[in-house]
Protein chains: 2
Amino acid sequence: MSGTDPVCTETTPPSAARGGPVSIALARVARMHRIAAGRRLKELGLYPGQEMMMMRLWDCGPVRQSELIQSLGLDASTVTKMLQRLEQCGHVRRGPDPADRRAVLVEATDEGRSLRTGVEGVWSDLEQLSLQGLGPDDRAELARLLGLVAENLRVEAGEAGECPLAPGGAAPRANC
Amino acid sequence: MSGTDPVCTETTPPSAARGGPVSIALARVARMHRIAAGRRLKELGLYPGQEMMMMRLWDCGPVRQSELIQSLGLDASTVTKMLQRLEQCGHVRRGPDPADRRAVLVEATDEGRSLRTGVEGVWSDLEQLSLQGLGPDDRAELARLLGLVAENLRVEAGEAGECPLAPGGAAPRANC
DNA sequence: CAGATTACCTTGGCCGACCAATGAATGGGT
DNA sequence: ACCCATTCATTGGTCGGCCAAGGTAATCTG
């Protein structure tokens, strides 16, 4: 074995393993899951991420934009732009809130609602694919462990669901 | 309880649960994990995603860009632009490959190498935070289950590590 | 009631990620 | 030797995400 080979020598200590094998595996699995979801969503005419928005709209009826922001745990500007595109697509309708003139009420159109079965099919399809070969006990165990990890991370990341985001302003980003 | 309330009535059937609770939980956990990683990486002057690139460079020495693309499982254009920014930052050096005039050899600079302990600290810190309260058996179980899921998804998503991406061109994206 | 504060959304900028198309260099086939 | 297919990298476009700043409206306070 040569020491100056420009290719990974396979005996090199993996830097990833030195800082959290489970975290790395989690990121990897999530990435693959996202790719697989993106492929299926593409055939429905949706970009990855939009399905979450639509799910919330299907569940909740006319909602204030701020509720979506809080419930999805996204940035306000992200939601604004995403809704603009979804509105232009005809999947979503936006209108003023009579009770608050600065708020915006968002609602899924009939065409947007028609995507529901497709999106839910994508997710259940992915669920089935991901958990192939896992028995009921393994699935429950995975769900339980993911719940624990989520609870551990919830403290500082803010949960997407009910808790408002903690205002954690920190170091200024380098300009590179 | 009013039926026309614009707020989620909490008894509404959650659309997320109807299409894969584990998948949803996985996406949620991965998101929180990414947010937490991003916060810590910011203090090192890195954007989320760049740490993976640097890890590969620390492990492998001078590498062809195509190796990075395959090993990280990213798009070629993504790697190109990321490396341009990392080079402008001084974390990375790029030069021609004498063996192939169209290839580019990438290498971490000394300044880039100096980030290694910081990044590995971020990941191990995150690992510790995520797995708080989990015993060794639980951690091993989580790693095992994530490995199984990764194996299930590997078939169609292409693995980031050794396998080349499967060329899965599909439906044309909607223009919305 | 007037002024300051807060909440709600929008805009602009940046980066990671994808696809599509292009240009340059290599390699294989006849 | 030639042409053609493949590979390598770049550019341009789009979208999901974030942060920072700005503008309007509601609310809290003196």
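Just so we're on the same page: letters track the sequence lines, and every chain starts at 1. Only this structure's heavy atoms are used, side chains among them; waters, hydrogens and symmetry mates stay out.
Considering only side-chain atoms of A/Ala103, the nucleotide from D/dA25, C/dC9, D/dC18 that sits closest is C/dC9. Closest to the side chain of B/Ser66, from the set C/dC15, D/dA9, D/dT10, is D/dA9. Among the nucleotides C/dC18, D/dT10, D/dG16, the one closest to the side chain of A/Arg31 is C/dC18.
Taking atom CG on B/Asp97 and atom C1' on C/dT26, their separation rounds to 12 Å, with Å as the unit. Remark: P of D/dT7 and CD of B/Glu67 are 14 Å apart, rounded to the nearest angstrom. The nearest whole Å value for the distance from the CD atom in B/Gln70 to the P atom in D/dT7 is 11 Å. One can place CG of B/Asp100 at 13 Å from P of D/dT10, the figure rounded to the nearest angstrom. Summarising the geometry, the separation between CZ on A/Arg39 and P on C/dA17 is reported as 16 Å, rounded to the nearest angstrom. Spacing between atom CG of A/Leu83 and atom C1' of D/dG17 amounts to 14 Å, rounded to whole angstrom units. Atom P of nucleotide C/dC15 and atom CG of B/Leu44 are separated by 17 Å, given to the nearest angstrom. The distance from atom NZ of B/Lys42 to atom P of C/dG16 is 14 Å, rounded to the nearest whole Å.
Exactly one residue among A/Val106, A/Leu86, A/Leu105 makes a side chain to side chain contact (heavy atoms under 4.5 Å, CB included) with A/Arg94. That residue is A/Val106. Among A/Leu26, A/Leu142, A/Leu129, the one residue that satisfies the side chain to side chain contact (heavy atoms under 4.5 Å, CB included) test with B/Val149 is A/Leu142.
The phosphate of C/dC15 has neither OP1 nor OP2 within less than 4.0 Å of any side-chain N or O from B/Gln50. Side-chain nitrogen and oxygen atoms of B/Arg64 include none within less than 4.0 Å of the OP1 or OP2 phosphate oxygen of D/dA9. Taking side-chain N and O atoms only, B/Thr78 has no distance below 4.0 Å to OP1 or OP2 of C/dG16. Residue B/Arg101 places none of its side-chain N or O atoms closer than 4.0 Å to OP1 or OP2 of C/dA24. OP1 or OP2 of D/dG16 sits under 4.0 Å from a side-chain N or O of A/Arg85.
For the residue pair A/Thr109 / A/Arg93, no side-chain donor-acceptor distance below 3.5 Å is found, with atom types taken as modelled.
Considering only heavy atoms from C-beta on, B/Met82 stays 4.5 Å or farther from B/Val79 through its side chain.
Residue order along DNA chain D, read from the 5' end via each residue's closest nucleotide, puts B/Gln65 first among B/Gln65 and A/Arg102.
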Would you tabulate the pairs of protein nitrogen or oxygen atoms and nucleotide nitrogen or oxygen atoms of nucleotides 11-13 of chain D closer than 3.5 angstrom?
unit_1	atom_1	unit_2	atom_2	d
D/dT11	OP2	B/Gln84	NE2	2.9
D/dG12	N7	B/Lys81	NZ	3.4
D/dG12	O6	B/Lys81	NZ	3.0
D/dG13	O6	B/Lys81	NZ	2.7

side-chain contact (heavy atoms from CB on, under 4.5 Å), that's the test. Do B/Leu131 and A/Asn152 meet it? Break it down for me. CA-CA 7 Å; B/Leu131 302 181; A/Asn152 283 333; 5.7 Å; no
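To the nearest 0.5 Å, atom CG of residue A/Leu134 and atom CD of residue A/Glu141 are 11.5 Å apart.
A donor-acceptor pair under 3.5 Å is formed between the side chain of A/Glu127 and the backbone N or O of B/Val22.
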